[in-house]
Amino acid sequence: PATVYVDGANGTNSTPTDGGRGCTDPSTPCADIQFALQEYGRTHQIFEVHGGAGTTRYAGFSIEPEWSGSEKQPRLIRGWPGTGRPIIEGDSEAAVRIGRDGDRTSYVVIAGFEMTESPRAVEVRNAENVRLRNLVVRALRVTDSAIEIVDASQVEVLDSQLFQNAAAA
């Protein structure tokens, strides 16, 4: 499957059409997850996100319905193997959003991230066949919900750790 690489510390957001080398080689990664999804979400199945030594932090991102995968080739956004766990810091609502009202988002796997700094780590809305795997979720306030699932089916949370106020939830 076609792969896109993201490295917040060493990447640049460029594509071959704007004179850049693109993000499809580990030596020329994108800098931002959302940029990589917007540019390559329709054509590439795997997005490898570099972790670093606990200092590589990324802005939250959204998976739109048009970037859905298929049963045989789900859209996979994961920590780049061997580089540590990337940290996703969300906005005022969620670190990762999968789907939205309207068209359904299907066959998405999010794996190998730590998520923090937002009321929700993951929001799954109007989606199906979603796997959240090997995540560390840190909700910072008692009122936060680690994962919110709305109008979704076949959502699995596997091999993950959920913490609320630094205590296991």
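Numbering starts at 1 and runs along the sequence shown.
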Next on the checklist: Apply side chain to side chain contact (heavy atoms under 4.5 Å, CB included) to residues Phe47 and Cys30 and explain how you reach the verdict.
Outcome noted: CA-CA 10 Å; Phe47 293 78; Cys30 289; over 6 Å; no

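- The CG atom of Leu158 sits 5.0 Å away from the CZ atom of Arg133 when rounded to the nearest 0.5 Å.
- Under the 3.5 Å distance criterion, the side-chain polar atoms of Thr83 are left unmatched by any main-chain donor or acceptor of His50.
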Checklist entry - Step by step, would you call Val155 with Ile147 a side chain to side chain contact (heavy atoms under 4.5 Å, CB included)? => result CA-CA 11 Å; Val155 177; Ile147 299 170; 5.8 Å; no

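- Criterion: ILVMFWY side-chain heavy atoms under 4.5 Å apart, direct or through other members. Under it, Ile98 and Val157 are part of a common hydrophobic cluster.
- Rounded to the nearest 0.5 Å, atoms CG (Asn13) and SG (Cys23) are 6.5 Å apart.
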Distance-only criterion, 3.5 Å: show the donor-acceptor pairs between side-chain atoms of residues 71-78 and protein atoms not counting sequence neighbours.
| residue | atom | partner | partner atom | Å |
| --- | --- | --- | --- | --- |
| Arg75 | NE | Gly41 | O | 3.3 |
| Arg75 | NE | Trp67 | O | 2.8 |
| Arg75 | NH1 | His44 | O | 2.7 |
| Arg75 | NH2 | Gly41 | O | 3.1 |
| Arg75 | NH2 | Trp67 | O | 3.4 |
| Arg75 | NH2 | Ser68 | O | 3.0 |
| Arg78 | NE | Glu48 | OE1 | 3.0 |
| Arg78 | NE | Glu48 | OE2 | 3.1 |
| Arg78 | NH2 | Glu48 | OE2 | 2.6 |

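- Taking all atoms of both residues into account, the shortest heavy-atom contact from Gly8 to Tyr58 is N-OH, 2.9 Å.
- A 6.0 Å sphere centred on CZ of Arg104 holds more than 12 heavy atoms belonging to other residues, nucleotides or ligands.
- Of all heavy-atom pairs spanning Arg85 and Gly112, the tightest one is CG-O, 3.3 Å.
- Sequence neighbours left out, not one pair with a member in residues 1-11 passes salt bridge (Lys or Arg N to Asp or Glu O under 4.0 Å).
- A salt bridge is defined here as a Lys NZ or Arg NE, NH1 or NH2 lying under 4.0 Å from an Asp or Glu carboxylate O, and Glu148 with Arg120 meets this definition.
- Here the straight-line distance linking atom CD1 of Ile110 with atom CZ of Phe61 works out to 4.5 Å at 0.5 Å rounding.
- Contact record, Val6 with Ala36: CG2-CB, 3.7 Å, taken as the closest heavy-atom pair.
- Side-chain atoms of Asp151 never come within 3.5 Å of backbone atoms of Ala127 as a donor-acceptor pair (strictly under, hydrogens ignored).
- With values rounded to the nearest 0.5 angstrom, Ile88 atom CD1 is found 10.0 Å from Leu135 atom CG.
- Both Leu162 and Val130 are assigned to one and the same hydrophobic cluster, defined by single-linkage of ILVMFWY side chains at heavy-atom distances under 4.5 Å.
- In this structure a side-chain-to-backbone donor-acceptor pair under 3.5 Å is present from Thr28 to Gly22.
- Tyr5 and Trp80 have tilted rings, their planes meeting at an angle from 30° to 60° on a 0 to 90° scale.
- Scanning both residues, Asp103 and Pro65, for their nearest heavy atoms gives O-CG, 3.3 Å.
- Residues Ile87 and Thr116 are in side-chain contact: their nearest non-hydrogen atoms beyond the backbone lie under 4.5 Å apart.
- In this structure, Glu128 CD and Gln154 CD are separated by 7.0 Å, a value rounded to the nearest 0.5 Å.
- Side-chain atoms of Asp101 never come within 3.5 Å of backbone atoms of Asn126 as a donor-acceptor pair (strictly under, hydrogens ignored).
- The distance from atom CG of Leu132 to atom CE of Met115, rounded to the nearest 0.5 Å, is 7.0 Å.
- Between Gly11 and Ala31, the shortest heavy-atom distance links the atoms O-CB, 3.4 Å.
- Across all non-hydrogen atoms, the minimal contact from Gly99 to Thr105 is CA-OG1, 3.1 Å.
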Item to check | Check against side chain to side chain contact (heavy atoms under 4.5 Å, CB included), Val108 and Arg131 | outcome: CA-CA 6 Å; Val108 173; Arg131 286 195 177 129; over 6 Å; no

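- Hydrophobic clustering of Ile, Leu, Val, Met, Phe, Trp and Tyr side chains at less than 4.5 Å, counting indirect connections, keeps Val109 apart from Val4.
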Next on the checklist: Before you tell me yes or no, could you show the steps for Ile63 and Arg97 under side chain to side chain contact (heavy atoms under 4.5 Å, CB included), namely the whole-Å CA-CA distance, both residues' side-chain angles and the distance that decides it to 0.1 Å?
Outcome noted: CA-CA 6 Å; Ile63 309 293; Arg97 288 185 184 88; over 6 Å; no

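- Both Ile149 and Val137 belong to a common hydrophobic cluster when Ile, Leu, Val, Met, Phe, Trp and Tyr are linked at side-chain heavy-atom distances under 4.5 angstrom.
- Comment: Glu66 engages Arg100 in a salt bridge, judged by a side-chain N to carboxylate O separation of less than 4.0 angstrom.
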